[in-house]
Amino acid sequence: MLREQFSFQGLDPLAERIRRAAEDIGYLVIQDRTDRKQDETLGRFDLTEADAAPYMADAAYDGDEDEGDEDTFAHHLGVGEDLDEPPDDEDDGDPPPWRPGAEPVPMAELAEAAIRWIKDIASRNTVGEEWRRYRVKVWSPKGHRLMDSGQFVCRNHNFDLELPPSSTDERVEAMRIPAPSFDLAESQGAAKGVRALGDYYAQWGQIVLGSVGQLQGVNNAMLNRLHRQLQESRGQIDQLVGAILETRLAEVKLADERRAEERSGDARTVLAQQALHQLGDAAKAFLTAKGVHPEMAEVLGALGQSPELVQALADPDVKALMNEPANLAALAQMLRQAAAQARAARQLPEQAAAS
């Protein structure tokens, strides 16, 4: 029996998910990926009545009936029959539970048929092998979305029983070199070339996509760096503008303070000059009242502006000398001589300029 010869490891969880999502499934694809570097697509099963028809009456594949049911399963698969001959009308067995043209089949039964199809494909491709690994992809209608994907292993338990032929003639026949077939060699060579070309196209596409991805990564990194630098420069510009404004404000305040100090200084100077004039006028009035000549008042005012001269005149010895008329006459003579020398010194540059 098929169920005894082959076992499926990891298929039950995938089958359960297929049953649950039967209403949304469009078709299934099974691939042989025993060689992990290369997936080979084995077939496609659409969840339609046409594709499910050969597997609708094959519950014996999953059930507990005897080996006679394998003939029914092989009949629906077309195994061991001449497809060119008409079907045998003398079969008096029970009719299958579903025939083409009957009422619409529930999606749950279509899902069960799809699971039987998966087991059938895996079993037929594991004949002569100890085990094979398969992948099933579950697609939505029209292939818009990959709904599910899973892997399982199909094991051939009768692999060790497939012994080589014991007859010498059979061994010789097996060792005979087959006749060369140029068509077969050409087809195999073309298939290898097409496969190699496809692999090279896939590698080239991966290289192009990888290069584009790297360039895009470099571009994104550069844009991010420029964005950060622009933000930092904006912050620096804001700080610089703030510092300039603060500096200009400080300069304006300092200029205003200087102008205020200058105005206050000028005002104090004007007030001092006015006070001096008023004091001079008051002194002149006081001296005039005391009987002092106005010209002597000016001289006394000039003498009072020199602290050294005031101290010298306040010296008792100088006062004693001033009380003698002869000393005053000598002092007057000395002052006249000094005034004459000063006048002569002023006239020399004027005469030189005139000449």
Side-chain angles (χ1 to χ4, degrees), residues 10-11 13-14 16-18 20-42 44-47 133-153 191-275:
L11 181 59
L14 178 61
E16 185 62 26
R17 295 197 299 271
I18 292 174
R20 290 199 302 265
E23 297 293 338
D24 301 326
I25 297 176
Y27 62 91
L28 308 177
V29 176
I30 185 170
Q31 297 176 334
D32 184 350
R33 68 181 321 265
T34 306
D35 184 3
R36 295 182 181 274
K37 296 182 180 179
Q38 184 176 1
D39 294 347
E40 181 179 358
T41 302
L42 302 179
R44 165 176 169 169
F45 184 91
D46 293 329
L47 263 71
R133 180 182 290 106
Y134 301 95
R135 169 184 285 173
V136 178
K137 293 183 177 181
V138 182
W139 293 89
S140 63
K142 298 183 180 181
H144 292 309
R145 180 171 60 92
L146 179 62
M147 300 178 57
D148 198 352
S149 177
Q151 299 186 34
F152 68 94
V153 175
K192 292 181 179 178
V194 172
R195 181 176 296 176
L197 182 61
D199 294 340
Y200 292 149
Y201 271 119
Q203 294 177 4
W204 179 76
Q206 292 178 358
I207 292 173
V208 171
L209 293 177
S211 301
V212 173
Q214 291 179 357
L215 292 175
Q216 186 64 30
V218 172
N219 189 20
N220 293 337
M222 184 178 298
L223 290 177
N224 292 333
R225 185 168 59 253
L226 292 176
H227 181 66
R228 290 195 302 270
Q229 292 179 356
L230 180 59
Q231 289 182 342
E232 293 176 356
S233 62
R234 285 181 178 177
Q236 294 176 357
I237 291 174
D238 293 340
Q239 294 178 359
L240 182 60
V241 170
I244 292 174
L245 293 177
E246 291 178 356
T247 303
R248 290 183 177 178
L249 180 60
E251 291 179 353
V252 171
K253 290 181 177 180
L254 183 60
D256 291 340
E257 291 177 356
R258 288 178 179 175
R259 285 194 294 270
E261 291 179 357
E262 290 177 355
R263 287 195 296 270
S264 61
D266 294 340
R268 288 194 297 270
T269 303
V270 171
L271 291 175
Q273 290 178 354
Q274 293 177 357

Gap separating the OG atom of Ser264 from the CD atom of Glu257, nearest 0.5 angstrom
11.5 Å
Within the structure provided, determine whether Ile18 and Asp148 are in side-chain contact (heavy-atom separation under 4.5 Å).
no
For the atom pair CD (Gln31) and CD (Gln151), what is the distance rounded to the nearest 0.5 Å?
9.5 Å
Once salt bridge (charged side-chain N to carboxylate O under 4.0 Å, His left out) is applied, what residue pairs with a partner in residues 259-273 remain, sequence neighbours excluded?
Asp256-Arg259
Leu42 side, atom CG; Arg33 side, atom CZ - distance, nearest 0.5 Å:
12.5 Å
Go through Asn219 and Leu215 one step at a time and tell me if the side chain to side chain contact (heavy atoms under 4.5 Å, CB included) criterion holds.
CA-CA 6 Å; Asn219 189 20; Leu215 292 175; over 6 Å; no
Under 3.5 Å, side chain of Asn224 to main-chain N/O of Asn220, donor-acceptor pair present?
yes
Is the side chain of Asp32 donor-acceptor paired with the backbone N or O of Thr34 at a distance under 3.5 Å, no angle test?
yes
Going by distance alone, is a donor N or O of one side chain under 3.5 Å from an acceptor N or O of the other, for Gln203 and Asp199?
no
Measure the spacing between CD1 of Ile30 and CZ of Phe152 and express it to the nearest 0.5 Å.
4.5 Å
N/O donor-acceptor pairs under 3.5 Å from side chains in residues 229-248, not counting sequence neighbours:
| from | atom 1 | to | atom 2 | distance (Å) |
| --- | --- | --- | --- | --- |
| Gln231 | NE2 | His227 | NE2 | 2.8 |
| Ser233 | OG | Gln229 | O | 3.2 |
| Ser233 | OG | Leu230 | O | 2.7 |
| Thr247 | OG1 | Ala243 | O | 2.8 |

Donor-acceptor pairs are to be reported for all side-chain atoms of residues 135-147 against protein atoms at under 3.5 Å, with residues two or more places apart or in another chain.
| from | atom 1 | to | atom 2 | distance (Å) |
| --- | --- | --- | --- | --- |
| Ser140 | OG | His144 | N | 3.4 |
| Ser140 | OG | Arg145 | N | 2.8 |
| Ser140 | OG | Arg145 | O | 3.2 |

